[in-house]
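Position 1 is the first residue of the sequence; numbering continues from there.
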Amino acid sequence: MAQLPYLPHTESDIRAMLDRIGVQKLEDLYSDVPSEFLKKGAYALPDALSEQEIRDYFASLEAMNARLKVFVGAGAYDHYTPAVIPYLCSRSEFLTAYTPYQCEISQGTLRYIFEYQSMICELTGMDVSNASMYDGPTAAAEAMKMAIACTRKKTRVLLSKGLLPHVIKVVETYAKFHGVEIGYVPVMDGQTCINCLKAELAKDDVAGVIVPSINRYGIIEDHSGFAEAVHARKAILVEYCDPSALAVVKTPGEWDADIAVGDGQSLGLPLCYGGPYVGFMAVKKEHMRKMPGRIVGQTVDKEGRRAFVLTLQAREQHIKREKATSNICSNESLMALWVTIYLSLMGPEGLREVNRLSSDGAHYLYGELLKTGLFEEVFPGKPFLKEFVLKSKQFPGQMQKRLEEAGFFAALDTEEGYVSFCVTEKRTKAEIDRLVQVIKEG
């Protein structure tokens, strides 16, 4: 019997489908895409290769990537990843159903999601966590939608200008297509301005306010009086957090926030050219039914044994579309498993040590850069943990180029003309000293 290549659809299958939807050829499906964005010509793929040749080919591609020491943060942090995590993530207990609808065969997945939710609640000081989100910025956008749903009749959400720029952009995009008006609270002396916030709240049309726990300049914000001001106007307070830092800074629960969101990437997920990430969301109990996504709960089976099930899943696949909290479908479940194992391995003491080492390194670099005479302080006296900005007397682009040639990714320039640095526990004193030396030589 002749061997045939695998064909997902025959020519007649494809013809029948095209006729059904009223187009002549497959290319017509892309008629809305401008021609300059369409691939033309053959793909640059090699001929058939053996397994070893394939491995060598991809190894050669991988070798083209530069290996730089990362001294930049801006929402993506180069923290240490314990070697055991990739191994544990691949175990069969966790590689069960894609979406764990059938709890009988999905206990591995359901259990780690339950543990993930429990740990996120412990980190944030909130009552309930969902089963993870896509990433931090979209989690913030979902929180914006939640604020509208929780308050009703109010149509405006305020964003602190201290939020990371990409977080603001994503929230603005969601707002545009959901009819939500966005307002802004400026940063004064490195801190979201509470008096400006109160002035906006006085207009009595604000559904929610999103503020950073640690802002885009690396400064740990003081949110004293924020919750009182927001709740007095029956609005929702959302904190955008770095979950790793919550081991040592005041939690959203302690600030009396209603919703905590952020990106779990800092919990051991390695940097990988833009992903993958995992958003988190935790809320006060009274807002639980407005959360997007799903929640895993603990129960017992008919024999009295502990078991896990999907408890809440208020999305449009399960309830009436108009009553759905969101159209979020899947989540970053594998990354939630990664975060869960990381938190289990590190524990409270390990997380505190990560932050101590990061903070010590960042403050050492801060002082050494000022000693060069090539930088000026922007926010003197303001508390920071692992990330900070300075004003450079050198042109940032030239400084970045020299640092890159020396093997460093550092001195990220900001919209205001500052340069940003970040130090994690992975960076050594010798690396910091070398970075400073390269800058001085310039």
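Between the side chains of Asp258 and His231, at least one donor N or O lies within less than 3.5 Å of an accepting N or O. Using modelled atom types, one finds a donor on one side chain and an acceptor on the other under 3.5 Å when comparing His223 with Glu239. Checking Asp242 against Ser244 by side-chain atom types alone, no donor-acceptor pair falls below 3.5 Å. If you check the side chains of Gln52 and Asp56, you find a donor sitting under 3.5 Å from an acceptor. Under the 3.5 Å distance criterion, with hydrogens and angles disregarded, a donor-acceptor pair is assigned to the side chains of Asp413 and Gln400. For the 3.5 Å distance criterion, the side chains of Glu53 and Ser50 qualify, holding a donor opposite an acceptor.
A donor-acceptor contact shorter than 3.5 Å is absent between the side chain of Glu376 and the backbone of Leu390. The backbone N or O of Gly268 lies less than 3.5 Å from a partner atom in the side chain of Trp338, making a donor-acceptor pair. Looking only at distances, a side-chain donor or acceptor of Ser358 sits under 3.5 Å from a matching main-chain atom of Glu425. For Glu387 (side chain) and Ala74 (main-chain N/O), a donor-acceptor pair under 3.5 Å exists by modelled atom type. Of the possible polar contacts, one joining the Gln117 side chain to the Val296 backbone as a donor-acceptor pair under 3.5 Å is found. Ser129 contributes no side-chain N or O that, together with a main-chain N or O of Ala282, makes up a donor-acceptor pair within less than 3.5 Å. Judged by distance alone, the side chain of Asn130 and the main-chain N or O of Pro292 form a donor-acceptor pair under 3.5 Å. Looking only at distances, a side-chain donor or acceptor of Ser90 sits under 3.5 Å from a matching main-chain atom of Tyr87. In this structure a side-chain-to-backbone donor-acceptor pair under 3.5 Å is present from Thr414 to Tyr418. His363 contributes a side-chain N or O that, together with a main-chain N or O of Ser359, makes up a donor-acceptor pair within less than 3.5 Å.
Among residues two or more places apart in sequence or in another chain, the side-chain hydrogen bond (donor to acceptor under 3.5 Å, both in side chains) test is passed with Asp135 by Thr138.
Looking at Arg434 and Phe408, their side chains come closer than 4.5 Å, going by heavy atoms from C-beta outward. Between Phe37 and Ser35 there is no side-chain heavy-atom pair separated by less than 4.5 Å.
Closest non-hydrogen pair, Gln265 versus Leu271, comes out as NE2-CD2, 3.4 Å.
Just one of Glu405, Gln398, Glu404 meets the side-chain hydrogen bond (donor to acceptor under 3.5 Å, both in side chains) condition when paired with Lys401; it is Glu405.
Because its NZ or CZ atom is both nearer than 6.0 Å to the ring centre of Tyr77 and within 45° of the ring axis, Lys386 counts as a cation-pi partner of that residue.
Under the 30°/60° scheme for interplanar angles, the aromatic rings of Tyr366 and Phe384 are found to be tilted.
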ask   = So Arg352 and Glu349, salt bridge (Lys or Arg N to Asp or Glu O under 4.0 Å) or not? Walk me through it.
value = CA-CA 5 Å; Arg352 282 193 282 270; Glu349 287 301 319; 2.5 Å; yes
query = Hey, mind stepping through Glu254 and Lys250 against salt bridge (Lys or Arg N to Asp or Glu O under 4.0 Å) and telling me if it holds?
reply = CA-CA 6 Å; Glu254 291 173 303; Lys250 208 167 180 178; over 6 Å; no
Intermediate values then yes/no, side-chain contact (heavy atoms from CB on, under 4.5 Å), Ser132 and Tyr116 = CA-CA 8 Å; Ser132 84; Tyr116 163 85; 3.6 Å; yes
ask   = Passes salt bridge (Lys or Arg N to Asp or Glu O under 4.0 Å), Glu51 versus Arg55? Steps please.
value = CA-CA 6 Å; Glu51 179 181 343; Arg55 290 178 181 273; 3.2 Å; yes
I'd like a table of donor-acceptor pairs (distance under 3.5 Å, sequence neighbours excluded) in which one partner is a side-chain atom from residues 203-220, with atom names and distances.
unit_1: Lys203; atom_1: NZ; unit_2: Glu200; atom_2: OE1; d: 3.3
unit_1: Lys203; atom_1: NZ; unit_2: Glu200; atom_2: OE2; d: 3.4
unit_1: Asp205; atom_1: OD1; unit_2: Arg156; atom_2: NE; d: 3.1
unit_1: Asp205; atom_1: OD1; unit_2: Arg156; atom_2: NH2; d: 3.1
unit_1: Asp205; atom_1: OD2; unit_2: Arg156; atom_2: NE; d: 3.0
unit_1: Asn215; atom_1: OD1; unit_2: Tyr217; atom_2: N; d: 2.9
unit_1: Asn215; atom_1: OD1; unit_2: Gly218; atom_2: N; d: 3.4
unit_1: Asn215; atom_1: OD1; unit_2: Ile219; atom_2: N; d: 3.2
unit_1: Asn215; atom_1: ND2; unit_2: Gly190; atom_2: O; d: 2.9
unit_1: Asn215; atom_1: ND2; unit_2: Glu221; atom_2: OE2; d: 3.0
unit_1: Arg216; atom_1: NH1; unit_2: Lys161; atom_2: O; d: 3.4
unit_1: Arg216; atom_1: NH2; unit_2: Glu415; atom_2: OE1; d: 3.4
unit_1: Tyr217; atom_1: OH; unit_2: Glu416; atom_2: OE2; d: 2.7

